[in-house]
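Input: a single structure, listed below in structure tokens.
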Amino acid sequence: QVQLVESGGGLVQAGGSLRLSCAASGSIFRISDMGWYRQAPGKERELVATIASGGSLNYADSVKGRFTISRDNAKNTVYLQMNSLKPEDTAVYYCNVKARTFSSGVYTRDYWGQGTQVTVSS
């Protein structure tokens with residue numbers, strides 16, 4: 001299967017920056033979309049940003065202009081550069097990868113990272 005390892009979370013003051021990384025490993029045949037989601041206390045998980053294999057981007061309105069998603073296909077890694085952080089960005093951030101493995105055939109499945117805590121203080 002596919003394993004995702006996230007890193008880069010932490011505590012930062014409002015206006016600061018963090019960069020999250022998520023590296024995928026395993027018997028991967030093909031990765032299509034990669035993205036980041038977050039879940040704040042008492043709220044549902046929401047999309048933050050996605051990046052397709054061809055490079056097309058999708059951002060939540062709340063992070064446009066502040067966050068940048070990118071990927072390194074050679075490393076099977078997706079990044080999230082977070083600038084001008086706000087207390088409202090405080091959440092557990094989850095990496096998501098849509099991938100086919102050598103055993104999954106035509107099926108593309110979702111894989112999730114363990115989550116990394118981002119806390120923005122004011």
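In this structure a side-chain-to-backbone donor-acceptor pair under 3.5 Å is present from R71 to A52. For the pair R100 (side chain) and F29 (backbone), a donor-acceptor distance under 3.5 Å is absent. Judged purely by atom type and a 3.5 angstrom limit, T90 uses its side chain to pair as donor or acceptor with the backbone of V120. Distance alone, capped at 3.5 Å, is enough to place a donor-acceptor pair between the Q114 side chain and the E6 backbone.
Between A24 and I31, the shortest heavy-atom distance links the atoms CB-CD1, 4.2 Å. Closest of all the heavy-atom pairs between G8 and L18 is O-CD2, 3.8 Å. Across all their heavy atoms, N76 and M34 have their closest contact at O-CE, 3.9 Å. Closest of all the heavy-atom pairs between N83 and S17 is OD1-OG, 2.9 Å.
Hydrophobic clustering of Ile, Leu, Val, Met, Phe, Trp and Tyr side chains at less than 4.5 Å, counting indirect connections, keeps V97 apart from Y94. Linking ILVMFWY residues whenever their side-chain heavy atoms come closer than 4.5 Å, directly or via other members, places L4 and I69 in the same cluster.
With a 4.5 Å cut-off on side-chain heavy atoms, R38 and E46 count as touching. The closest side-chain heavy-atom distance from V78 to C95 is below 4.5 Å. In this structure, T68 and Y59 have side chains that are in contact, with non-hydrogen atoms separated by less than 4.5 Å. Using a 4.5 Å cut-off on side-chain heavy atoms (C-beta onward), D33 and N58 make no contact. Within the 4.5 Å cutoff, no side-chain heavy atoms of M82 are placed close to those of W36.
Using a cut-off of 4.0 Å between Lys/Arg side-chain N and Asp/Glu carboxylate O, D89 and K86 are scored as not salt-bridged.
Of the listed residues (K98, Q1, Q3), just one forms a side-chain hydrogen bond (donor to acceptor under 3.5 Å, both in side chains) with Y111, and that residue is Q1.
Taken from CD in E88 to OG in S62, the straight-line distance is 9.0 Å, to the nearest 0.5 Å. For the atom pair OG of S122 and CG of L85, the computed distance is 13.0 Å after rounding to the nearest 0.5 Å.
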